[in-house]
Amino acid sequence: MSVEIIRLEGRSPQAAAQLEERIRAAKSTLGREVVILGHHYQREEVYRHADYHGDSLQLSRAAAALDAQYIVFCGVHFMAEVADILSRPEQISILPDLNAGCSMADMASIEQVEAAWTQLAEILDPDSEITPVTYVNSSAAIKAFCGRHGGTVCTSSNARKILQWALGQRPRFFFLPDQHLGRWSGHQLGIPLGRMPVWDPEQPLGGLSPEEIREAQGFLWKGHCSVHQMFQPQHIRRWRAEHPQGKVIAHPEASFEVCSLADAVGSTDFILRTVHEAPPGTQWLVGTEINLVSRLAEEVRGEGKTVDFMSPMVCMCSTMFRIDPEQLAITLEELVAGRVRNQIRVDEPVASQARLALERMLELS
Ligand code: 13P
Ligand code: SF4
């Protein structure tokens, strides 16, 4: 499917221009007091106001290194939590819309994870035999769990390296909450798919037999991204038939079948870099969120490159989309008035334990 920059809101051009001006004015009044971080999935009208863009790893690094008093995170809830955990105590992390969550992160609760660990202890000694690794798309409580149990965090750009580390610590890993990223990364390390069973938190013993548990090299939490599950192998096959010279690139949250058919698999930043660095005139099919894909298509059009969206349906991250220019304008104007709106704060002891897990990841990557 060819893509155009998407504009889904019924705002008039004048109203859009006014919002743009309000954001610029408030940002300029705040000066160095504020920094805006923007994930690559943000809509264009928000993205262009960010001081830093990036994938989750880059934005985590930025959050750990910034000086501004206010970090306004144009992304989703877990990202603003990471910014709060990694920034200094006097810095304030803000999410312009508190409803901007991540449906994948919501697929694992700390209670379910604790229960899984207790159940695994019926068969194995988890604290000496299993390293827990959570994708950064998870709650602070789950990151803290990984910190407490000798594990760490990963992002889509370092998952393979982190899993390799995890297996160097203990013979098995427990990967939360995205089964697809866990499976793809384990596969890259040469682990047979049959030795990475899915752990279903709704079933006793995760739906596994004691033998399956003893045989496993990795457990994959039964979670997924509702956006990336829309991409299907037949979308790739159909496109390849029409573009025999074209290249396919996918995010590792897509299914194993989609990643196996792609020419390249990587984080949002990897996708952007790969297409930007490709020779003029090349053709691309991209399997990740539509706001990124449509912006990329615009950016490379002048070089004669074409970028198509992998699914015939418009699948966008509706929670990322909750951050809109109006929310951003109000957030900044409130700061100008001396009021903090929508602060994201992670309390102790969760914050310290999650920091341990995140710092382990930053050292390893
Ligand atoms: P990246 O770290 O690749 O930017 O991915 C974040 C995300 O939520 C993808 O769905
Ligand atoms: Fe979460 Fe998927 Fe949205 Fe990424 S694209 S923030 S994983 S729901």
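When a residue number appears, it is its place in the shown sequence, counting from 1. Just so you know, ligand 1 is whichever comes first in the structure, and atom 1 is the first atom listed for that ligand.
When all heavy atoms of S267 and P252 are compared, the pair lying nearest together is N-CD, 4.3 Å.
Taking atom 1 (P) of ligand 1 as the reference point, the nearest protein heavy-atom neighbour is S156 OG, 3.4 Å. Here the protein heavy atom with the shortest distance to atom 8 (O) of ligand 1 is N137 ND2, 3.0 Å. Nearest to atom 2 (Fe) of ligand 2 among the protein's heavy atoms is C225 SG, 2.4 Å. The shortest contact between atom 1 (Fe) of ligand 2 and any protein heavy atom is with C102 SG, 2.4 Å.
F173 has its side chain out of reach of I130: every pair of non-hydrogen atoms, C-beta onward, lies at least 4.5 Å apart.
Between H228 and ligand 1, no pair of N/O atoms sits closer than 3.5 Å. The N/O atoms of D269, backbone and side chain alike, include none that comes under 3.5 Å of an N/O atom in ligand 1. Residue contacts with ligand 1: T268 is placed with a nitrogen or oxygen under 3.5 Å of a nitrogen or oxygen of the ligand (distance criterion only).
R172 and Q217 share no side-chain donor-acceptor pair at under 3.5 Å. No side-chain N or O of Q58 forms a donor-acceptor pair with one of Y52 less than 3.5 Å apart. Using modelled atom types and a 3.5 Å distance limit, the side chains of S209 and E212 yield a donor-acceptor pair. Neither side chain, D178 nor H224, offers a donor N or O lying under 3.5 Å from an acceptor on the other. No hydrogens or angles considered: nothing links the side chains of D84 and S93 as a donor-acceptor pair under 3.5 Å. With 3.5 Å as the limit, one finds no donor-acceptor pair spanning the side chains of T268 and H251.
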> Does the pair H276 and L296 meet the rule for a side-chain contact (heavy atoms from CB on, under 4.5 Å), with working shown?
Replying inline: CA-CA 8 Å; H276 274 292; L296 178 60; 3.7 Å; yes
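Here is the list of ligand 1 atoms found below 4.0 Å of a heavy atom in S56: 1 (P), 2 (O), 4 (O), 5 (O), 6 (C). The ligand atoms of ligand 2 that sit less than 4.0 angstrom from a heavy atom of C317 are 3 (Fe), 5 (S), 6 (S), 8 (S). Those atoms of ligand 2 with a heavy atom of S103 less than 4.0 angstrom away are 8 (S). Of all atoms in ligand 1, listed by their number and element, those nearer than 4.0 Å to a heavy atom of S267 are 3 (O).
Neither the backbone nor the side chain of E289 has any atom closer than 4.0 Å to an atom of ligand 2 (non-hydrogen atoms only). Residue contacts with ligand 1 for V76 are absent, since no atom lies close enough (heavy atoms, distance under 4.0 Å). Both the backbone and the side chain of D55 come within contact range of ligand 1, each with a heavy atom under 4.0 Å. Looking at H251 against ligand 1, only its side chain comes within 4.0 Å, counting heavy atoms.
Residue E289 places every heavy atom at 4.0 Å or more from ligand 1. Heavy-atom distances between Y41 and ligand 1 reach below 4.0 Å in at least one pair.
Here atom 7 (C) of ligand 1 lies nearest to E253 when heavy atoms of M79, E253, M320 are compared.
Between H53 and Y47, the ring center distance clears the sub-6.0 Å criterion.
For the pair R43 and F321, the cation-pi criterion (under 6.0 Å, within 45° of the ring axis) is fulfilled.
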